[in-house]
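In what follows, chains carry the letters A, B, and so on, assigned in the order in which the sequence lines appear, proteins first and then strands, with residues in each chain numbered from 1.
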2 protein chains.
Amino acid sequence: MAAETKTDRRVLKTRKAIMAAFLELFLEKEFEHITVLDISERADVNRGTVYLHYMDKFDLLDQCIGEHLEGLAAFCGLHVLSTESVTPVSELKRVFDFFQTNFPFFSALLAKKQTTLFREQLLAFVSSNLRQKLDAQVSRPEVDNELNAQFMASAFVGIVEWWILHGMPHTSLYMAEQLHLLLNRNGIYTSKGMNREGTH
Amino acid sequence: MAAETKTDRRVLKTRKAIMAAFLELFLEKEFEHITVLDISERADVNRGTVYLHYMDKFDLLDQCIGEHLEGLAAFCGLHVLSTESVTPVSELKRVFDFFQTNFPFFSALLAKKQTTLFREQLLAFVSSNLRQKLDAQVSRPEVDNELNAQFMASAFVGIVEWWILHGMPHTSLYMAEQLHLLLNRNGIYTSKGMNREGTH
DNA sequence: TGGGTGTTGTTGAATATTGAACATTCCCCA
DNA sequence: TGGGGAATGTTCAATATTCAACAACACCCA
């Protein structure tokens, strides 16, 4: 794993303040109109200090997204999940719950055709997590985990995107159930169902 | 005015954090049981940093009281008060309101026979403010403003102390009215005679 | 009673943050 | 369309904060 050097208390506080300030501003105005000065003032930090930690405001946005994804992982306990099924409804529900609680952020993110940036990260994240889980399972030799992960992740991200852009018209539980149905109905391999059909 | 040297952003943030942490702890445990380590941890600040700004926790308490008194002054606008009457009911009410909003702090302060420390500061503060106001008024030669201020301040502090220690059994308005009556009934000089209104 | 434990102030060197300046680029509007 | 005022990155010396260590002391309890 990464060295994970113990970081000074000051940098932690500063990063936290900057992130919080940026997030606030991001929910208030258009990203393009947010200025580094805005951020530094809101965070009560010298403007130069921002550049000390982030390349520019795009990097800031990147890392902000990154932290949210980490939050997603933590919230869902994706890593330490039991090995039974790839996507039990209860777990899927937790995922949708997470997006629900952070709705303002993700909504703003998707709304402004900044979309690509975010979709890429989310897709990569989900795909990677799925892949990890698939590999950990007893896998059937004929299933390409790489492709499987990519397939499921794409579908998943698409559903989430639709859900958010439409203002979350359904409950997280409903979404979880539907997604679960869709995944299984399309013959995606899960170690629980065993009901797969031939890869075509 | 005082030089009021512009202070670095860091010291302001640090002082604020330490004060907030101390105040929290003060409302949670006995002052004697609060440790400097407690404070520094709660404030997310190095222990040494506390000593960089305060002599010890007693000094911290002192300054905490001081800030509250400054807050009182700001809240009541005592300094910039109109010159009409020393103690119009409306102003007295603001004072009691202030103590009410900061009840937990003052209550804790008075409850623990640390009393003397606080009473002294409060008395000095009130007395000084009153004195200032009396001097600014057209004073009658036969009245000793010094004595007058001391007298009124003592009575005032006593009333406040009673009010807080008894759990604020009356509204701030009621207290203000009563105090106003008491002050006037005892023949304390106020420019009541000049009770003209509308000069404002 | 004595030792272990935790608290207190105080150091010194390492590091992060600050404020101020700078040249450059961006972009609004006259 | 050009100019002027903001915003951008970057630098520097000054300063505040950090971490780790220290000796001295207080307190508790075995």
Discussion item. Which residues pass the side-chain contact (heavy atoms from CB on, under 4.5 Å) test with T35(A), not counting sequence neighbours?
Written reply: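 Partners of T35(A) under the side-chain contact (heavy atoms from CB on, under 4.5 Å) test: L37(A), D38(A).
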
Worksheet item: Which part of the nucleic acid, if any, lies within reach of N46(A) when heavy atoms closer than 4.0 Å are counted: base, sugar-phosphate only, or nothing?
Response: base

Worksheet item: Counting any heavy atom closer than 4.0 Å, what does H53(A) reach on the DNA or RNA strands: base, sugar-phosphate only, or nothing?
Response: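 Answer is sugar-phosphate: H53(A) comes under 4.0 Å of backbone atoms only.
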
Using modelled atom types only, decide if a donor and an acceptor are shared between the side chain of [X] and the backbone of [Y] within a distance under 3.5 Å.
X: K57(B); Y: I39(B); answer: no
X: K93(B); Y: T171(B); answer: no
X: S154(A); Y: Q150(A); answer: yes
X: D56(B); Y: D59(B); answer: yes

Item to complete: Decide yes or no on side chain to side chain contact (heavy atoms under 4.5 Å, CB included) for F75(B) and E70(B), but give the supporting numbers first.
Response: CA-CA 8 Å; F75(B) 183 79; E70(B) 283 176 22; over 6 Å; no

Discussion item. Is the distance between the ring centroids of F98(A) and H68(A) under 6.0 Å?
Written reply: no

Discussion item. Against F99(A), only a single residue in F106(A), W162(A), W163(A) fulfils ring-ring contact (aromatic ring centres under 6.0 Å, His included); can you say which?
Written reply: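 Answer after filtering F106(A), W162(A), W163(A): F106(A).
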
Worksheet item: Is the closest side-chain heavy-atom distance between I159(A) and F96(A) below 4.5 Å?
Response: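 They are in contact (side-chain heavy atoms under 4.5 Å apart), so the answer is yes.
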
Discussion item. Side chains of H170(B) and Q178(B), heavy atoms from C-beta outward: is any pair under 4.5 Å?
Written reply: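 No; the side chains remain at least 4.5 Å from each other.
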
Discussion item. Could you go through R15(B) and M19(B), starting from their C-alpha distance and side-chain angles, then the distance that decides it, and tell me whether this counts as side chain to side chain contact (heavy atoms under 4.5 Å, CB included)?
Written reply: CA-CA 6 Å; R15(B) 283 221 180 94; M19(B) 265 303 170; 5.7 Å; no

Fill in: Of residues 17-24 of chain B, the positions that come close to DNA chain D - non-hydrogen atoms, cut-off under 4.0 Å
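Here the set is empty: none.
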
Discussion item. Distance under 4.0 Å to a non-hydrogen atom of chain A counts as contact; along DNA chain C, which nucleotides mark the start and end?
Written reply: dT15(C) to dA21(C)

Worksheet, complete the sentence: By ring pair (Phe, Tyr, Trp, His ring centres under 6.0 Å), F156(B) pairs with (sequence neighbours left out) none

Discussion item. With a 4.0 Å limit, can you tell me whether R9(A) has a side-chain N or O closer than that to the phosphate oxygens OP1/OP2 of dT17(D)?
Written reply: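 Indeed not, no polar side-chain atom of R9(A) lies that close.
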
Discussion item. Between the opening five pairs and the closing five pairs of the helix from dT1(C)-dA30(D) to dA30(C)-dT1(D), how far apart are the helix axes, to 10°?
Written reply: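 The angle separating the two end axes equals 40°.
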
Discussion item. Applying the side chain to side chain contact (heavy atoms under 4.5 Å, CB included) criterion to T14(B), which one of V11(B), I18(B), L12(B) satisfies it?
Written reply: I18(B)

Polar-atom pairs under 3.5 Å, protein N or O versus N or O of nucleotides 7-14 of chain D: list them with distances, or write none.
residue	atom	partner	partner atom	Å
dA7(D)	O3'	T35(A)	OG1	3.2
dT8(D)	OP1	V36(A)	N	3.4
dT8(D)	OP2	T35(A)	OG1	2.7
dT8(D)	OP2	V36(A)	N	3.1
dG9(D)	OP2	Y51(A)	OH	3.4
dG9(D)	N7	R47(A)	NH1	3.1
dG9(D)	O6	R47(A)	NH2	3.0

